[in-house]
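Taking it in order: structure first as structure tokens, then the write-up.
This is a predicted model, so every value here is computed, not measured.
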Amino acid sequence: MRHSYFFAAISLTLLSGCGMEDTGPSAFNPATNVDLGFSTFDIENTEAAPDNLKHTRFWDFYQGIQPSGSDDNADNRETANEIRSHIDRFIRATRTEDGNNYRKVRNPLDLINQIIASNQSTNFREGRKYISQRIADGEAGTYNTRGNGALIRFTEQDAALRDLALNEKLWVYPTLDWRYLPANAEGNSLEEKVYRTIQYVSRSVEPEDIGAQPELVSVLAGSRFDANSFVTSGYNKPEFATADYVSRNFGSIELRQEFIRNKTDTLFIKSADIRVLDLNRYDGVNLSDLSPDCLRVDLNYVTSTVRIFTSNGEPAALETPTTENPNQTSPNPAYCDNLPDSEAIISWAATGSPARQ
């Protein structure tokens, strides 16, 4: 189940600016400009904050895909290593000595998540308090920077002092949006939820400066939370989350996470021009398309199983017109996102994560 309502809501947030939040007494949008400086953008565990890394987006998936038991063989380990190496390009991870986890990351999504949770921004804190009050009042509400023409700017002081590339020292976020949707609002069938959208976009530079810029170009991330357990300090525990990372030279990746019921992380690798995984190392696998345009890696935390799916040249949906609906489309069963577990090209028992089972 792909929870189309949740993923559609993330896209609509970016387009709407204002909308359903303009309902109910005293509704307003408290988002303002945020401009903060930090000694470093790197995130790692410290003596003062020993659990920093466990809240980063890839923490469970990165270590959880490690093969285990009788499936802990050279082929599976190398495939897991290739997956991690590709992720490293987007989140700039520094690995642990054994290579199966990371001890530091440097990317805009994990940084802003940490800033929100630690209440280092007065306006972010006010935004969460406003959403919390709207939940208490039972009225829809939104904090939305885009709707107010506000920007979030983070500057790394060390990089600025060393005059490093623009996108090494300055991270700008056009959108931070919290959106509370009461039960049965606007005809939805969900119980009370809060949606959060974060968008980062790198700054434009002159062509001669592009080579010095970090690999990451943009991130669009969304999360859905239970409104009844929404907190104004620390990390809110998501029910679902998605993050789409776009790079300069290596295509994009998307991570979808389900924390309730199915408890699965799904990584989509979209890199049609560069081979990411060499699956032909496996006996019985002979992929003529060495870089398929749809590559999906599932980690099911309930069964602690990794499954890899591929398809190439297959659209996500097929035209299935009817007399009543001549524009009707249906999911393409041959597209990698729609393939059942039984059609995984590779699978192995993995270490998973006890916290996600």
Side-chain angles (χ1 to χ4, degrees), residues 44-45 50-105 107 110 241 243 245 250 253-259 261-271 274-292 294-311 336-337 339-357:
E44 53 190 328
N45 291 335
D51 295 327
N52 273 342
L53 289 174
K54 80 173 187 178
H55 296 290
T56 55
R57 188 58 58 102
F58 275 94
W59 181 252
D60 294 330
F61 183 86
Y62 200 95
Q63 57 191 317
I65 61 173
Q66 183 66 17
S68 69
S70 60
D71 287 344
D72 185 9
N73 56 55
D75 287 344
N76 291 337
R77 287 196 298 271
E78 183 56 29
T79 302
N81 181 63
E82 288 175 342
I83 294 169
R84 294 188 183 111
S85 294
H86 194 57
I87 294 170
D88 291 347
R89 293 168 170 144
F90 296 84
I91 68 170
R92 299 177 72 178
T94 301
R95 295 207 205 176
T96 54
E97 187 174 346
D98 63 10
N100 301 336
N101 203 354
Y102 51 74
R103 58 181 178 82
K104 181 168 63 177
V105 294
N107 65 85
D110 287 330
Y245 304 74
F250 297 98
I253 60 174
E254 180 187 1
L255 181 68
R256 296 182 184 180
Q257 298 177 288
E258 301 188 22
F259 295 88
R261 291 193 286 274
N262 292 333
K263 298 183 180 179
T264 299
D265 282 359
T266 300
L267 177 69
F268 294 92
I269 298 172
K270 308 163 188 177
S271 182
I274 298 175
R275 183 172 70 178
V276 175
L277 306 182
D278 183 8
L279 300 180
N280 285 335
R281 67 169 55 94
Y282 293 93
D283 291 339
V285 176
N286 185 16
L287 287 178
S288 58
D289 301 304
L290 298 181
S291 183
C294 188
L295 181 58
R296 166 183 149 211
V297 182
D298 281 1
L299 172 55
N300 185 311
Y301 292 98
V302 177
T303 63
S304 295
T305 302
V306 168
R307 295 182 178 89
I308 300 177
F309 306 81
T310 70
S311 66
C336 85
D337 190 18
L339 294 173
D341 289 351
S342 60
E343 294 191 33
I345 192 170
I346 300 295
S347 65
W348 66 74
T351 58
S353 170
R356 295 282 298 277
Q357 287 182 332

Report summary line: When rounded to the nearest 0.5 Å, the distance separating OH of Tyr301 from CG of Asp265 is 3.5 Å
Query raised in the report: Can you name the closest pair of heavy atoms from Ala350 and Val306 and give their distance?
Result: CB-CG2, 3.8 Å
Query raised in the report: Is there side-chain contact between Ile91 and Thr56, with at least one heavy-atom pair below 4.5 Å?
Result: no
Report summary line: The ring pair (Phe, Tyr, Trp, His ring centres under 6.0 Å) partners of Tyr245 (sequence neighbours excluded) come to Phe58
Query raised in the report: Is the closest side-chain heavy-atom distance between Arg89 and Ile253 below 4.5 Å?
Result: no
Query raised in the report: Any donor and acceptor pair, going by atom type alone, linking the side chain of Lys104 with main-chain N or O of Glu44 inside 3.5 Å?
Result: no
Report task. Without swapping roles, check the side chain of Arg296 against the backbone of Phe309 for a donor-acceptor pair under 3.5 Å. Result -> no
Report task. Check step by step if side-chain contact (heavy atoms from CB on, under 4.5 Å) holds for Leu53 and Asn101. Result -> CA-CA 10 Å; Leu53 289 174; Asn101 203 354; over 6 Å; no
**Report entry** Option from Asp71, Asp98, Asp72 for which salt bridge (Lys or Arg N to Asp or Glu O under 4.0 Å) with Arg77 holds
**Finding:** Asp72
Query raised in the report: Could you state the interatomic distance from CG (Asp60) to CG (Leu299), rounded to the nearest 0.5 Å?
Result: 8.5 Å
Query - Between CG on residue Asp75 and CD1 on residue Ile346, distance to nearest 0.5 Å - result: 8.5 Å
Report task. Nearest 0.5 Å please: distance from the CD1 atom of Ile65 over to the CD1 atom of Ile83. Result -> 4.5 Å
Query raised in the report: Where do Leu279 and Ile308 come nearest, in terms of heavy atoms and distance?
Result: CD1-CG2, 4.1 Å
Query - Minimum heavy-atom distance between Pro292 and Ser311, given as atom pair plus value - result: CB-O, 3.5 Å
Requested in this report: State whether the side chain of Asp110 and the backbone N or O of Arg57 hold a donor-acceptor pair below 3.5 Å, judged by distance alone.
Outcome: yes
Query raised in the report: Between Asn73 and Asn76, is there a donor-acceptor pair closer than 3.5 Å when you use the side chain of the first and the backbone of the second?
Result: yes
Report task. May I ask you to decide if Thr305's main-chain N or O and Asn300's side chain share a donor-acceptor pair within less than 3.5 Å? Result -> no
Report task. Test side-chain contact (heavy atoms from CB on, under 4.5 Å) on Leu267 and Ile87 and set out the steps. Result -> CA-CA 10 Å; Leu267 177 69; Ile87 294 170; 4.1 Å; yes
Report task. Run the numbers on Thr94 and Arg103 for side-chain contact (heavy atoms from CB on, under 4.5 Å), then give the verdict. Result -> CA-CA 6 Å; Thr94 301; Arg103 58 181 178 82; 3.4 Å; yes
**Report entry** side-chain contact (heavy atoms from CB on, under 4.5 Å) between Leu277 and His86, intermediate numbers included
**Finding:** CA-CA 9 Å; Leu277 306 182; His86 194 57; over 6 Å; no
Requested in this report: Compute whether any side-chain donor of one residue and acceptor of the other, for Ser85 and Arg95, lie under 3.5 angstrom apart.
Outcome: yes
Query - Atom CG of Asp283: over 12 foreign heavy atoms under 6.0 Å - result: no
**Report entry** Residue list, ring pair (Phe, Tyr, Trp, His ring centres under 6.0 Å) with Tyr62, at least two apart or on another chain
**Finding:** Tyr102
**Report entry** From CZ (Arg356) to CD (Gln257), nearest 0.5 Å
**Finding:** 5.5 Å
Requested in this report: Say whether, by atom type as modelled, one donor and one acceptor occur between the side chain of Asn100 and the main chain of Gln63 under 3.5 angstrom.
Outcome: no
Report task. Evaluate the side-chain proximity of Phe250 to Val276: yes if any heavy-atom separation is below 4.5 Å, no if none is. Result -> no
Query raised in the report: Which heavy-atom pair separates Gln357 from Lys263 by the least distance, and what is that distance?
Result: O-NZ, 3.0 Å
Report task. If a pair satisfies side chain to side chain donor-acceptor pair (under 3.5 Å) and one of its residues is in residues 344-353, list it, with sequence neighbours excluded. Result -> none
Report summary line: CD1 (Ile269) and CZ (Arg275) are apart, to the nearest 0.5 Å, by 13.0 Å
**Report entry** N/O donor-acceptor pair under 3.5 Å between Ser291 side chain and Ile274 backbone
**Finding:** yes
